[in-house]
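Encoded as structure tokens, the structure appears first; notes follow it.
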Amino acid sequence: MKIWTSEHTFNHPWETVATAAWRKYPNPHNPAVIGTDVIERRVVDGVLHTHRLVSSIWYFPRWAQALIGSAKVCYASEQSVVNPVSRHMVLKTINLTFCRHIAVDETLRYTPHPTDPSKTLLTQEAVVTVQGVPLTNYMEEMLTSRISNNAGKGRQAMEWVINRINDEVKGLTKSTDEIFNHTKKSLDDIASSAKKSMDDISQKAKKESRRYT
Amino acid sequence: MNMNSIGEACNDLKKEYDACFNLWFSEHFLKGNTNDSMCAPLFRVYQQCVKKAMKDQKLDVEEVSKDVLGTDKEKKEPQSS
């Protein structure tokens, strides 16, 4: 078992970061995430509760492929709460499938920065456990370094998404209807190009997995 | 910006729902209006599609929730100030 933690400050208010967090994927920094689906969502006492299913493709180095294959689609369950009054957003993710052997439990917390409420503090924690697979230490090391690497990418991704949102907002008129239409239109464009690259990824993944099975 | 759904057939429904949700989240929810009826009809049809797709791919909704609900990983309201 390995525990990994980190902190990061975004120079954006909490509302901006929370909005971006929902729109984090797809982004060019985390191509492994190929899908997100909301399974359950409701507002209870002013707090938004969401349960999402996140699908991602994981690739492994050659030595590990004999054990778990070269590429796998894994599913994760992400439970989150957003409290707009206390300005808290907490997301907890656990791997569901990984497929049974490896558990990666991750918690992301977005809160106003304690000394500067115009900034947002992200605290991130991940616990990795591997059972029933030989070379467990190697596996844990590998996953922990990957999480560390991905965390950096995740922060870059958030900045990327925030920039996009800021650009979108700047170019839009005041009316909500118009915002909706514009957003929808740009979403359509982005979605179709994103879908194209996702299709490429899954094509490649299929080819790869065929080669090793 | 949108991701794919696990069910290809749900992608358009998901896209419409996500667009509605993103607008609702920033323009209503974060501004103190917690009434979530705005996107409810879109959510309902998208949900039906996803649940079916999960069933087809043998991903059990109950199983997905079971790992979390009833444990300390269950979603809880953050300490409000």
Side-chain angles (χ1 to χ4, degrees), chain A residues 15-16 18-19 22-27 33-51 53-55 75 77 79-90 92 94 96-97 105 109 111 161 164-165 176 179-180 183-184 186-188 190-191 194-195 198-199, chain B residues 1-8 10-40 43 46-47 49-51 53-54 57 59-69 71-81:
Chain A
E15 283 75 10
T16 306
T19 301
W22 288 123
R23 299 165 62 167
K24 188 170 163 190
Y25 305 113
N27 69 67
V33 176
I34 53 167
T36 56
D37 277 300
V38 178
I39 300 176
E40 223 184 306
R41 177 172 267 158
R42 63 172 69 100
V43 177
V44 183
D45 299 330
V47 175
L48 177 68
H49 296 253
T50 306
H51 185 187
L53 185 69
V54 180
S55 334
Y75 298 100
S77 161
Q79 300 260 1
S80 62
V81 288
V82 183
N83 186 329
V85 178
S86 66
R87 299 171 90 213
H88 274 66
M89 180 178 199
V90 180
K92 292 186 181 185
I94 58 167
L96 291 172
T97 39
D105 298 353
R109 254 172 250 274
T111 53
V161 174
R164 283 210 87 101
I165 292 175
T176 311
I179 289 178
F180 189 62
T183 312
K184 244 187 126 227
S186 68
L187 286 174
D188 286 344
I190 295 161
K195 190 175 180 301
M198 292 307 157
D199 288 347
Chain B
M1 197 132 350
N2 278 259
M3 283 308 289
N4 283 348
S5 167
I6 61 158
E8 227 181 298
C10 313
N11 279 343
D12 287 345
L13 295 174
K14 174 180 162 50
K15 206 197 296 179
E16 278 183 59
Y17 167 70
D18 279 350
C20 183
F21 171 80
N22 286 331
L23 184 69
W24 173 80
F25 184 77
S26 56
E27 297 304 313
H28 295 259
F29 183 70
L30 289 184
K31 291 179 178 168
N33 174 10
T34 57
N35 181 334
D36 62 356
S37 60
M38 177 176 141
C39 308
F43 186 58
Y46 162 55
Q47 279 299 282
C49 189
V50 168
K51 298 251 152 96
M54 287 177 72
Q57 295 180 32
L59 268 168
D60 187 0
V61 190
E62 303 300 318
E63 196 66 38
V64 168
S65 314
K66 204 168 66 189
D67 283 336
V68 176
L69 297 176
T71 68
D72 58 348
K73 293 189 180 68
E74 185 175 354
K75 55 189 176 188
K76 287 194 183 73
E77 195 180 330
Q79 301 294 314
S80 45
S81 52

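Since the structure is predicted, the reported quantities are computational estimates derived from the model, not experimental observations. Letters A, B, ... mirror the listed sequences (proteins, then strands); counts begin at 1.
Residues Gln47(B) and Glu40(A) approach most closely at OE1-N, 4.4 Å, considering heavy atoms. Residues Ile39(A) and Met54(B) share a closest heavy-atom pair of CD1-CE, 4.2 Å. The two atoms that bring Asp37(A) and Ile6(B) nearest to each other are OD2-N, 2.6 Å, heavy atoms only.
Every ring pair (Phe, Tyr, Trp, His ring centres under 6.0 Å) that Tyr46(B) has, sequence neighbours left out, goes to Tyr17(B). Evaluation of the side chain to side chain contact (heavy atoms under 4.5 Å, CB included) rule for Ser26(B) yields Thr19(A) as partners, not counting sequence neighbours.
Heavy atoms closer than 4.5 Å to chain A are found in both the backbone and the side chain of Phe29(B).
For Lys14(B) (side chain) and Thr36(A) (main-chain N/O), a donor-acceptor pair under 3.5 Å exists by modelled atom type.
Here Phe25(B) contributes atom CZ and Thr50(A) contributes atom OG1; the two are 8.5 Å apart, rounded to the nearest 0.5 Å.
Contact count versus chain B (heavy atoms, under 4.5 Å) is highest, among Ser55(A), Pro84(A), Ala18(A), for Pro84(A).
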